[in-house]
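I have placed the structure first, in the form of structure tokens, so that the comments after it can refer back to it.
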Amino acid sequence: MGAPYDFDTAVDRRGTWCVQWDGVADRFGVDGLLPFTISDMDFATAPEVLAALRARLDHGVFGYTTWRQDDFRSAIAHWYATRYGTEVDTGQLVYGPSVLSQLSQLLQMWTGEGDGVVAHTPVYDGFRKAITGLGRELRGVPVGDEEALERELARPDAKVLVLCSPHNPTGRVWTADELARTAALAERYGVAVISDEIHADFVHDDGAGRVHVPWTRVAGEGRWALITSGSKAFNFPALTGSYGFIGDPADRTEFLRRMETAEGLASPAVLSLTAHIAAYREGAAWLDAVRGYVAGNLGHVAERLGAAFPELGWVPPQAGYLAWIDLRPLGVEESALQRVLVERERVAIMGGSVYGAPGFVRLNVGCPREKAELGVEALIRAVESMKPCLRAAGSLKTSPSGD
């Protein structure tokens, strides 16, 4: 069944300046909580990546570096060809320190203050911060509502669609037909598309035949960029580093000018380049194994939630390691639930309001099975403890159902 990777043994991340573990008080106000929060995993990265990093460290010289070299470009081309059956044009490649930094530069290039930027709701909070922080207007459309999408794209001051593919936090995988229709709408109304595909490598093989379709496969004549990184799937975001593809040569030149001169980011982090090359050349078996393990965690969450709250009808996401759970059928009030989770259960689980969706929670199960079990059991106990109050208020009967 492949390489014997160990995902059950916990790696102690405390004291490593880790946002999820050491920074939990920054968001929840309390130290020492068991965290299921920010979207990184508790697993060490692939052994193949670690070996490449050690070899690079042993070299001992860390001078200025270029990403414009064949090892990096060919590794990306190899990954897209073997993973997605897609031939990419490496002449369209760009590089940046993070996906969100690329997003910010593209928004500054393609929009002005007050312009409309469309994104699907619920919205990843990093998108919201980038869009509103630049003085642009975030215009949300519900996931899957193509009529609402067209209405927003048709507005004269709508300049960019920020597409999350697969979608965070819902884990939705867009079909090729959906993406083609989206591309056609964007082109019709002159709206640029920025497709964030950082979760692409974590599409689950659940027998439904879902596959990730890179935006390069559907992009037409309109303005577009695909931005991504291997850091999500292979769990090395702290190394920094992302890359992308920009269709228009003039846009590509302007993007690189901004990054390399205006932002002073001409030299990328060498360890990020090293990690990407090793991951894309040698890491496929590890990725398949960790994705399968996470699918087991998500299956366990589905089993426990189904037993405790069958009315939720919760099923695992199509992609990713984030369990997006609609608690609205239970009438759970988010702030009250958060108090119970933090004060009594001593766990940190993201509330849906962070993504503009009160009544949901986002539970990160990119972790050893034992920890995932602790998280879902804490959530079930917290909700169960609130049920007498909910029944007294009649909210179990009157709360809206999820869609």
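Side chains are part of it too, since the values below use all heavy atoms of this structure and drop only hydrogens, waters and symmetry mates. Since the model is a prediction, treat every value here as computed from it, not as a measurement.
Proximity of Val143 to Thr121: side-chain heavy atoms (C-beta onward) are nowhere separated by under 4.5 Å. The closest side-chain heavy-atom distance from Phe43 to Pro368 is below 4.5 Å. Between Arg27 and Met350 the shortest side-chain heavy-atom distance falls below 4.5 Å. Two residues are said to be in side-chain contact when any heavy atoms from C-beta on lie closer than 4.5 Å; Asp22 and Thr16 meet this criterion. Counting heavy atoms from C-beta outward, Leu273 and Pro268 have side chains that approach closer than 4.5 Å.
Using a 3.5 Å distance cut-off with no hydrogens or angles, the side chains of Asp201 and Tyr84 do pair a donor with an acceptor. Side-chain contact of Arg217 with Thr86: a donor-acceptor pair under 3.5 Å is present, judged by distance alone. Checking Tyr189 against Glu150 by side-chain atom types alone, a donor-acceptor pair falls below 3.5 Å. Donor-acceptor pairing under 3.5 Å is recorded for the side chains of Glu197 and His212. Checking Ser335 against Glu333 by side-chain atom types alone, a donor-acceptor pair falls below 3.5 Å. Between the side chains of Gln318 and Asp206, no donor-acceptor pair of N or O atoms lies under 3.5 Å.
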Inset, instruction - Start with the C-alpha gap between Arg223 and Asp251, add the side-chain angles, then the distance that decides, and say whether salt bridge (Lys or Arg N to Asp or Glu O under 4.0 Å) holds. - result: CA-CA 9 Å; Arg223 189 175 245 176; Asp251 284 337; 2.8 Å; yes
Inset, instruction - Could you walk me through whether Phe245 and Trp224 pass the side-chain contact (heavy atoms from CB on, under 4.5 Å) test, one step at a time? - result: CA-CA 8 Å; Phe245 301 88; Trp224 64 269; 3.9 Å; yes
Legend entry - side-chain contact (heavy atoms from CB on, under 4.5 Å) between Asp157 and Arg139, intermediate numbers included: CA-CA 11 Å; Asp157 62 346; Arg139 295 175 181 165; 2.7 Å; yes
Legend entry - Derivation and outcome, side-chain contact (heavy atoms from CB on, under 4.5 Å), residues Arg188 and Leu185: CA-CA 5 Å; Arg188 180 185 309 164; Leu185 286 174; 3.7 Å; yes
Inset, instruction - Assess whether side-chain contact (heavy atoms from CB on, under 4.5 Å) is satisfied between Val218 and Trp215, documenting all intermediate values. - result: CA-CA 5 Å; Val218 300; Trp215 187 258; 3.6 Å; yes
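Checked against a 6.0 Å centroid threshold, the rings of Trp174 and His120 count as neighbours. The six-membered or imidazole ring of Tyr355 lies near that of Trp324, with a centre-to-centre distance under 6.0 Å.
Residues Asp40 and Arg13 are paired through a salt bridge, judged by an N-O separation under 4.0 Å between the basic side chain and the carboxylate. Using a cutoff of 4.0 Å between basic side-chain nitrogens and carboxylate oxygens, Arg252 and Asp248 are not scored as salt-bridged. A salt bridge links Asp42 with Lys371: the distance from a Lys NZ or Arg NE/NH1/NH2 to an Asp or Glu carboxylate oxygen falls below 4.0 Å. One finds no salt bridge joining Arg73 and Asp70 here, because no Lys/Arg side-chain nitrogen approaches an Asp/Glu carboxylate oxygen to under 4.0 Å. Ion pairing of Arg362 with Asp125 is absent here, as no side-chain N (NZ or NE/NH1/NH2) approaches a carboxylate O to less than 4.0 Å. A salt bridge links Arg68 to Glu260: at least one charged side-chain nitrogen sits closer than 4.0 Å to a carboxylate oxygen. Salt bridge annotation for Arg172-Glu178: present, with a cationic side-chain nitrogen under 4.0 angstrom from a carboxylate oxygen. Salt bridge annotation for Arg181-Glu146: present, with a cationic side-chain nitrogen under 4.0 angstrom from a carboxylate oxygen.
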What side-chain donor-acceptor pairs closer than 3.5 Å can you find for residues 340-349, not counting sequence neighbours?
from, atom 1, to, atom 2, distance (Å)
Arg344, NH2, Arg381, O, 3.3
Glu345, OE1, Arg381, NE, 3.1
Glu345, OE1, Arg381, NH2, 2.7
Glu345, OE2, Arg381, NE, 3.3
Arg346, NH2, Asp31, O, 3.1

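The CD1 atom of Ile131 lies 9.0 Å from the OG1 atom of Thr111; values are rounded to the nearest 0.5 Å. The CG atom of Leu163 sits 9.0 Å away from the CG atom of Leu149 when rounded to the nearest 0.5 Å. The CG atom of Leu379 sits 10.5 Å away from atom CD of Glu384, with the distance rounded to the nearest 0.5 Å. Rounding to the nearest 0.5 Å gives a distance of 8.5 Å between CG of Asp196 and CG of Leu226. Annotation: the span from Leu134 atom CG to Asp115 atom CG amounts to 11.5 Å, rounded to 0.5 Å.
Residue pairs meeting the salt bridge (Lys or Arg N to Asp or Glu O under 4.0 Å) criterion with at least one member in residues 261-277: none, sequence neighbours excluded.
Of the listed residues (Tyr321, Phe7, Phe202, Trp286), just one forms a ring-ring contact (aromatic ring centres under 6.0 Å, His included) with Tyr293, and that residue is Phe7. Exactly one residue among Arg258, Met259, Arg257 makes a side-chain contact (heavy atoms from CB on, under 4.5 Å) with Thr261. That residue is Arg257.
For the pair Lys129 and Tyr124, the NZ or CZ position fails the cation-pi test of under 6.0 Å to the six-membered ring centre and within 45 degrees of the ring normal.
Using modelled atom types, no side-chain atom of Asn364 and backbone atom of Phe36 make a donor-acceptor pair closer than 3.5 Å. Checked by atom type and distance alone, the side chain of Asn297 never pairs as donor or acceptor with a backbone atom of Ala372 at under 3.5 Å. Judged purely by atom type and a 3.5 angstrom limit, Asn235 uses its side chain to pair as donor or acceptor with the backbone of Met41. Side-chain N or O atoms of Ser101 include none that pairs as donor or acceptor with a backbone N or O of Gly96 at under 3.5 Å. Under a 3.5 Å cut-off, the side chain of Ser104 and the backbone N or O of Leu100 do not form any donor-acceptor pair.
Partners of Phe72 under the ring pair (Phe, Tyr, Trp, His ring centres under 6.0 Å) rule, at least two apart in sequence or in another chain, are Tyr95.
Here the closest non-hydrogen pair linking Trp314 and Ala323 is CZ2-CB, 3.6 Å.
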